Amino acid sequence: MLDARVLRQETDQVAERLARRGFAFDRERFESLESERKRLQVETEALQARRNAESKKIGQAKAQGEDIQPLIAAVGELGEQLDSTKQRLAEIADELEEFLAGVPNLPDEDVPVGEDESSNREMHAVGEIPSFDFTPRDHVDLGAGLAGMDFEAAAKLTGARFVTLAGPVARLHRALSQFMLDMHTEKHGYTEVQVPFIVHADSLFGTGQLPKFADDLFRLEGETPWYLIPTAEVPVTNLVRDEILDRDTLPVKYVAHTPCFRSEAGSAGRDTRGLIRQHQFEKVELVQIVPAGDSERALEELTGHAETILDALELPYRRLMLCTGDMGFSAAKTYDLEVWLPGQEKYREISSCSNTRDFQARRMHARTRGGDGKPEAVHTLNGSGLAVGRTLVALLENHQCANGDILIPKALRPYMGGLERIEARA
RNA sequence: GGAGAGGUGUCCGAGCGGUCGAAGGAGCGCGCCUGGAAAGCGCGUGUACGGUAACCCCGUACCGAGGGUUCGAAUCCCUCCCUCUCCGCCA
């Protein structure tokens, strides 16, 4: 949510920056809603002030045993007026709220302007793209060869876009999560948190998934509107909702390992092979809550933490700065990390690290005290560190041998009981 | 799931339907006192929105949430949420 005051005072600049990301800000509608809101609010509050004063008189008169009937009659008509302006004010306020809730964040000044991923800017590429003296297989074939990945079984249980893992591959998947958690808690200073995988609508509003992106979510049946989390960003960031955080507790750095559930509505036909795009996947998520003014540095740091994992797993990757048109709703600036997949001969997203500045904090009323002691919105950041399923894919494809064996990178061996390679079925 | 208790400011805790943004205490801040500190004393100490460009200033709202009754609701009524205790069930 943008700062309403800034929006009012610098409407032109805001509209221009929103246009960069392809969002047409309806300034006429905003200004008419806003002026109507102001008119009704002033009117309503004046009426309330009058009513309060009159009612107070009644109280005093009554205390002195005077006749209060004439006074009551005098206030009588105030009530009706108040009811109607109050109601109109509530309607306008709701409309305005809805309008503002649908406006995305402002892109940072250094974010490249563009419509789609073709305008993303590569920042750097790390690691060498492996060359094989055989035709590398993709993870689906490799997984089958290891008897460790079964899409048909999952389809039997549930449907498309699910998978079952088995044996060493299942263990590898677990090892990756553990490794990431340990790295971030022991080396990068994050506090591990375990959170609910089901949240209510307020939490999803706070991080920006609602109201606009309900179609991407799984909603549970039942009287309470509950949703499966699409990312740990939702429950973890919302830990600070409605809080005024002590300055000296910042930065708050959380890491959480959770499943993520996405409906993938609108992705029909895309990435249908393999476990690149699943309805359920696991992710180790990094979240930082920092004072305003510290978030640019924090984004570099957090993205670096995610890259550390790729380095340790000896996976080649590159970092992109997303252009304005490719960024998510809540982001002011986003780095995507893309890992090289020999099976596709392409880089594919494995992490997305965003600075939302005060956009989410404002929606969820997460604050700290500034230098003047007054509450001010914190800044929130999040990033995958990393998506576990896709990391498994990258690991299988990059560390495969001609015979289908998989070499376990050194950093991971302690988590695999010392195992150096997973052997393909004879 | 059954029975009961309760949700008030940073915390504890009071609050006959009217003068309650809310007593009192603790904590915190500033000052006095002191060689310094403690104790003691004095003063101060919520948030949001709006009127304003603006600290002050003024108005409005907020005592779990949402409705209702009333000229007037922290106080009365209804619904919901949450917490605690006991019982039942259960990983």
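Residue numbers begin at 1 in each chain, while the letters A, B, ... track the order of the sequences. On a predicted model such as this, the values are computed, not experimentally measured, just so you know.
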[N] versus [M] - spacing of their [atom1] atoms, nearest Å:
| N | M | atom1 | result |
| --- | --- | --- | --- |
| B:C80 | B:C87 | P | 26 Å |
| B:A65 | B:G7 | C1' | 12 Å |
| B:C62 | B:G4 | C1' | 30 Å |
| B:C12 | B:G1 | C1' | 35 Å |
| B:A61 | B:A3 | C1' | 38 Å |
| B:G6 | B:C77 | P | 13 Å |
| B:C84 | B:C57 | C1' | 45 Å |
| B:C32 | B:A39 | C1' | 14 Å |

A:Lys38 side-chain N/O to B:G51 phosphate OP1/OP2 under 4.0 Å: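 So the side-chain polar atoms of A:Lys38 do come within 4.0 Å of the phosphate oxygens OP1 or OP2 of B:G51, strictly under.
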
Nucleotide-level pairing of RNA chain B, given in dot-bracket where Watson-Crick and G-U pairs need both distances under 3.5 Å and | marks other strands: ((((((((.[[[..)..(.....]]]((((((.......))))))((((((.....)))))).[[[[[..)....]]]]])))))))....

CD (A:Gln13) with more than 12 external heavy atoms under 6.0 Å: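 Counting neighbours around CD of A:Gln13, more than 12 heavy atoms of other residues, nucleotides or ligands fall under 6.0 Å, so yes.
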
Mind checking what makes salt bridge (Lys or Arg N to Asp or Glu O under 4.0 Å) contact with [X], not counting sequence neighbours?
| X | answer |
| --- | --- |
| A:Arg39 | A:Glu36, A:Glu43 |
| A:Arg27 | A:Asp12, A:Glu31 |
| A:Arg37 | A:Glu34 |
| A:Glu97 | none |

Sole residue of A:Asn355, A:Thr324, A:Asp110, A:Asp108 in side chain to side chain donor-acceptor pair (under 3.5 Å) with A:Lys333: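 For A:Lys333, the side chain to side chain donor-acceptor pair (under 3.5 Å) check succeeds only for A:Asp110.
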
Inter- and intrachain pairs under ring pair (Phe, Tyr, Trp, His ring centres under 6.0 Å), touching residues 264-292 of chain A, at least two apart: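 Passing the test, one end in residues 264-292 of chain A: A:Phe162-A:His279, A:Phe218-A:His279.
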
With A:Phe151 via ring pair (Phe, Tyr, Trp, His ring centres under 6.0 Å) - residues at least two apart: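 Per chain and number, A:Phe151 pairs via ring pair (Phe, Tyr, Trp, His ring centres under 6.0 Å) with no residue.
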
Set of ring pair (Phe, Tyr, Trp, His ring centres under 6.0 Å) partners for A:His184, sequence neighbours left out: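 Checked A:His184 against ring pair (Phe, Tyr, Trp, His ring centres under 6.0 Å); matches are A:His188, A:Tyr190.
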
Considering only NZ, NE, NH1 and NH2 on the basic side and carboxylate oxygens on the acidic side, decide whether [X] and [Y] come within less than 4.0 Å.
| X | Y | result |
| --- | --- | --- |
| A:Arg174 | A:Glu282 | no |
| A:Lys253 | A:Glu301 | yes |
| A:Lys283 | A:Glu233 | no |

Reading 5' to 3' through nucleotides 59-70 of chain B, protein heavy-atom contacts under 4.0 Å coded B for base, S for sugar-phosphate only, - for none: BSS---------

cation_pi(A:Arg363, A:Phe205) dist<6.0 Å, angle<=45: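 Positive - A:Arg363 is close enough to the ring of A:Phe205 and near enough to its axis.
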
For the pair made of [atom1] in [X] and [atom2] in [N], what is the distance, rounded to whole Å?
| X | N | atom1 | atom2 | value |
| --- | --- | --- | --- | --- |
| A:Lys86 | B:C49 | NZ | P | 20 Å |
| A:Leu89 | B:G51 | CG | C1' | 15 Å |
| A:Arg362 | B:C49 | CZ | P | 9 Å |

Residues from residues 198-210 of chain A lying under 4.0 Å of RNA chain B - heavy atoms: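 By residue number: none to list.
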
Of A:Ala4 and A:Arg369, the one whose closest RNA chain B nucleotide lies more 5':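 It is A:Arg369 whose nearest nucleotide is closer to the 5' end.
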
Nearest-nucleotide comparison on RNA chain B, the residue closer to the 5′ end among A:Ser55 and A:Glu376: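 Nearest nucleotide further toward 5': that of A:Ser55.
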
A:Arg5, nearest nucleotide to its side chain (from B:G50, B:U47, B:G51):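 So the side chain of A:Arg5 is nearest to B:G50.
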
Would you list the protein and nucleotides 78-84 of chain B atom pairs, both N or O, that sit under 3.5 Å from each other?
none

Touch class at under 4.0 angstrom, heavy-atom based, for A:Arg39 against every strand present: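 Nothing, no heavy atom under 4.0 Å.
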
Side chain to side chain contact (heavy atoms under 4.5 Å, CB included) partners for A:Ala155, two or more places apart: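 Here no residue qualifies.
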
A:Phe261 ring center within less than 6.0 Å of A:Phe197 ring center: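 No: the rings miss the under 6.0 Å criterion.
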
